[in-house]
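In what follows, a structure is listed as structure tokens, so that the remarks can point back to it.
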Amino acid sequence: MTSSPSAASSPGRPGPASPRTTPPPGAATPELAEGGAVVALASLAGFEGCFGCGTDAENGLRIRHGGVVDGVMTCEFTVRKEHQGAPGFCHGGVLATAMDEALGGAAWLLGNRYVTGRLETDYLAPVPVGADVHLRAWCTGVDGRKAFVEGEARTGGPDGPVAVRAAGVFIEVPQEHFVPQGS
Ligand SMILES: CCCCCCCC/C=C\CCCCCCCC(=O)SCCNC(=O)CCNC(=O)[C@H](O)C(C)(C)COP(=O)(O)OP(=O)(O)OC[C@H]1O[C@@H](n2cnc3c(N)ncnc32)[C@H](O)[C@@H]1OP(=O)(O)O
């Protein structure tokens with residue numbers, strides 16, 4: 001897939017991607033690997049320390065990964081009071097972390113391992129404490145080791161208003177990039 005209906009720009013607002021997060025001419029159309037999620041999870045070998053989604057990360061966001069439909073990956077998390085920036089509202093950096101996780105997940109579904117090279121975020125509406133944040137992410141193109149990814153976060157339900165849009169470039173790395181567990 002090269003785009004998502006949910007990626008459409010709001011009137012008067014640009015889409016999430018800048019020239020640096022737009023696939024260059026000639027970039028490959030992303031193809032999700034058969035069992036890409038399985039490959040990704042096998043690479044992580046049961047690692048639960050991720051600040052975004054790990055169940056061992058006590059102070060993490062505890063993002064819950066959902067499914068993949070038509071190349072769009074979904075996940076969600078609930079804003080807790082320790083996530084506040086301005087009183088009553090989620091910190092922008094927390095939301096950027098959540099977008100990083102969602103976009104990273106969409107890249108990993110290609111069947112390789114990726115780290116964030118660049119992450120751009122647009123904040124469209126405040127997200128209150130207690131809100132369930134519904135994230136979607138999809139890959140827009142692949143150029144060598146670079147995967148171009150976009151995503152959005154909605155509140156008030158999976159089809160509620162968009163609160164955050166993001167675009168990023170994720171870089172493919174070998175397994176050796178990561179610190180072996182237990183070391
Ligand atoms: C049923 C559903 C199930 C769902 C299941 C889901 C499963 C998966 C779930 C979850 C997955 C996990 C999700 C994780 C999410 C969080 C990710 C993070 O937080 S990652 C930590 C932060 N990022 C770093 O720590 C990187 C730090 N940087 C580096 O290590 C290096 O700079 C690195 C590896 C990125 C590149 O270094 P070099 O030496 O290997 O390669 P060089 O040659 O510099 O770059 C390679 C290509 O990339 C481009 N590049 C490099 N950095 C770039 C940048 N910042 N922006 C754009 N392009 C960049 C370069 O221009 C080059 O492109 P040219 O091949 O020449 O076309």
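We count ligands from 1, going down the list as the structure has it; atoms in each ligand are counted the same way. These values consider heavy atoms only, across backbone and side chains, with no hydrogens, waters or symmetry-generated copies.
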**Study point:** Nitrogen or oxygen atoms of Gly104 and ligand 1 under 3.5 Å apart
**Key:** no
**Study point:** Under 3.5 Å: N/O of Lys146 near N/O of ligand 1
**Key:** yes
Exercise for review: Would you check, one step at a time, whether the test side-chain contact (heavy atoms from CB on, under 4.5 Å) holds for Leu95 with Phe77?
Suggested key: CA-CA 10 Å; Leu95 292 165; Phe77 81 105; 4.3 Å; yes
Exercise for review: Look at atom 17 (C) of ligand 1 and find which of Val68, Asp143, Thr116 reaches it with the closest heavy atom.
Suggested key: Thr116
Review point. Which one of Arg145, Arg118, Glu172 has a non-hydrogen atom at the shortest distance from atom 46 (C) of ligand 1?
Key: Arg145
Taking atom types as modelled, is there a side-chain donor on [X] or [Y] under 3.5 Å from an acceptor on the other?
| X | Y | result |
| --- | --- | --- |
| Glu48 | Thr55 | yes |
| Arg64 | Thr78 | yes |
| Glu101 | His65 | yes |

Point to revise | Side chain, backbone, both or neither: Val173 near ligand 1, heavy atoms under 4.0 Å | key: side chain
**Study point:** Arg20 and ligand 1 - part of the residue with a heavy-atom distance under 4.0 Å
**Key:** neither
Practice item. Determine whether more than 12 heavy atoms belonging to other residues, nucleotides or ligands lie under 6.0 Å from atom CD of Gln175. Key: yes
Review point. Val129 and Cys90: side-chain contact (heavy atoms from CB on, under 4.5 Å), yes or no, with the steps?
Key: CA-CA 6 Å; Val129 170; Cys90 191; over 6 Å; no
Check your understanding: So is Gly66 in contact with ligand 1, going by heavy-atom distances below 4.0 Å?
Key -> yes
